[in-house]
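Okay, so here's the structure we're looking at.
From a predicted model like this one, the values you see are computed outputs, not experimental measurements.
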Amino acid sequence: MPVLHPVDWSALPAPLRDFWTEYHLCTLSTLDRHGAPHAVPVGATLDLEQQCAWVITRRGSQKIANIRRDPRLSITQVDRGRWASVVGTGEVLEDEASIARACEMYAARYRPPSPSAERVAVRITVERFLGGAQVLPGTS
């Protein structure tokens, strides 16, 4: 399994960058209060400019409670034999600028999100990428 660590945002392999712009839903895995995995489908985006990943969701969701308690997480997307994961830590942000940026990134990859007074943004500090050789060729 190829691993990209540490992350050099200016030199991400093109197949990895491209894969994260295609329309694929992802699975966000956080840790519940017992330390067990909590995996849910999400739309996730890479932000090359701000060198992070983003997820938008509702303030009261279980994933937000989990991230507030323990910020470690992973996001995985799969398309047949291609796959890639982001491993890092999440920070729940409720300021207008962060939510707007996360929504802008989401709209570019998926579609404009419906308005929501309950929306928060999760900014993910990426510690490493994992993936198959199709998206991370030549890494180890």
Side-chain angles (χ1 to χ4, degrees):
M1 158 185 40
V3 178
L4 184 60
H5 179 75
V7 176
D8 179 355
W9 286 90
S10 65
L12 289 182
L16 178 70
R17 279 193 329 266
D18 293 347
F19 189 46
W20 281 93
T21 62
E22 297 170 10
Y23 186 105
H24 300 292
L25 291 179
C26 304
T27 302
L28 169 67
S29 297
T30 58
L31 299 172
D32 72 13
R33 68 178 185 264
H34 304 292
H38 175 258
V40 295
V42 296
T45 59
L46 287 187
D47 187 335
L48 301 179
E49 186 178 307
Q50 292 193 11
Q51 300 184 346
C52 66
W54 293 100
V55 169
I56 57 175
T57 190
R58 286 181 312 100
R59 174 178 291 110
S61 69
Q62 184 61 52
K63 58 187 157 289
I64 292 301
N66 292 347
I67 292 167
R68 288 186 195 278
R69 185 179 42 260
D70 185 334
R72 294 176 295 168
L73 56 77
S74 70
I75 302 170
T76 301
Q77 67 179 16
V78 178
D79 178 43
R80 301 177 194 210
R82 294 184 307 156
W83 68 276
S85 293
V86 167
V87 178
T89 56
E91 177 184 9
V92 180
L93 300 173
E94 300 189 45
D95 63 284
E96 285 184 34
S98 296
I99 292 170
R101 179 63 179 188
C103 287
E104 174 187 336
M105 299 301 298
Y106 182 93
R109 184 173 189 192
Y110 300 103
R111 59 175 167 65
S114 302
S116 172
E118 291 298 308
R119 178 164 294 127
V120 296
V122 178
R123 181 186 170 103
I124 296 126
T125 300
V126 180
E127 296 169 4
R128 67 185 181 276
F129 288 96
L130 307 173
Q134 301 93 330
V135 297
L136 285 174
T139 58
S140 59

Item to check | Stepwise side chain to side chain contact (heavy atoms under 4.5 Å, CB included) check, M105 with Q50 | outcome: CA-CA 11 Å; M105 299 301 298; Q50 292 193 11; over 6 Å; no

Checklist entry - What's the verdict on side chain to side chain contact (heavy atoms under 4.5 Å, CB included) for W20 and T45, showing C-alpha distance, side-chain angles and the deciding distance? => result CA-CA 7 Å; W20 281 93; T45 59; over 6 Å; no

Next on the checklist: Apply salt bridge (charged side-chain N to carboxylate O under 4.0 Å, His left out) to residues R82 and E22 and explain how you reach the verdict.
Outcome noted: CA-CA 12 Å; R82 294 184 307 156; E22 297 170 10; 2.6 Å; yes

Item to check | Steps toward side chain to side chain contact (heavy atoms under 4.5 Å, CB included) verdict (L12, L48) | outcome: CA-CA 9 Å; L12 289 182; L48 301 179; 3.6 Å; yes

Item to check | side chain to side chain contact (heavy atoms under 4.5 Å, CB included) assessment of L16 paired with L4 | outcome: CA-CA 10 Å; L16 178 70; L4 184 60; 4.3 Å; yes

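In this structure the side chain of P2 never reaches within 4.5 angstrom of the side chain of P137, judged on heavy atoms. Contact of the I64 side chain with the R59 side chain is not registered, since no non-hydrogen atoms from C-beta on lie closer than 4.5 Å. Looking only at side-chain heavy atoms (C-beta outward), F129 and V135 stay at 4.5 Å or farther from each other. Side-chain contact between I75 and V55: present, with at least one pair of heavy atoms (C-beta onward) separated by less than 4.5 Å. Contact annotation: the side chain of V120 approaches that of T57 to within less than 4.5 Å [non-hydrogen atoms, C-beta and beyond]. Between C26 and V78, the closest side-chain pair of non-hydrogen atoms is not below 4.5 Å. Looking only at side-chain heavy atoms (C-beta outward), P13 and L136 come within less than 4.5 Å of each other. With a 4.5 Å cut-off on side-chain heavy atoms, C103 and W54 do not count as touching.
Sequence neighbours left out, the pairs with a member in residues 77-124 that pass ring-ring contact (aromatic ring centres under 6.0 Å, His included) are Y23-Y110, Y106-Y110.
When the shell of 6.0 Å around CZ of R17 is examined, it contains more than 12 heavy atoms from other residues, nucleotides or ligands. When the shell of 6.0 Å around CD of E96 is examined, it contains 12 or fewer heavy atoms from other residues, nucleotides or ligands.
A53 and L46 make their closest contact through CB-CD2, 4.0 Å (heavy atoms, listed as atom of the first residue, atom of the second, distance). Listed here is the closest heavy atom pair of S98 and L93: OG-CD1, 3.5 Å. The heavy-atom pair separating P113 from R119 by the smallest distance is CB-NH2, 3.6 Å.
In this structure, the ring of H24 has its center less than 6.0 angstrom from the ring center of F19.
Applying the side-chain hydrogen bond (donor to acceptor under 3.5 Å, both in side chains) rule to R109 yields the partners Q77; only residues at least two apart in sequence or on another chain are considered.
Without hydrogens or angle criteria, D47 side chain to Q51 main chain gives no donor-acceptor distance under 3.5 Å.
T21 and D18 share no side-chain donor-acceptor pair at under 3.5 Å.
With rounding to the nearest 0.5 angstrom, the CD atom of E127 is 11.0 Å from the OG atom of S74. Taking NE2 of H38 as the start and CG of L28 as the end, the distance is 8.5 Å to the nearest 0.5 Å. Rounded to the nearest 0.5 Å, atoms OG (S114) and CZ (R111) are 6.0 Å apart.
Put simply, I99 and I56 are part of two different groups of oily side chains (I, L, V, M, F, W, Y) that touch within less than 4.5 Å, one to the next.
Here the rule is side-chain contact (heavy atoms from CB on, under 4.5 Å) with V86, and of I124, L73, T125, T76 only I124 fits it. Results of the side chain to side chain donor-acceptor pair (under 3.5 Å) test with N66 over K63, R69, R68 single out R69 as the only residue that passes.
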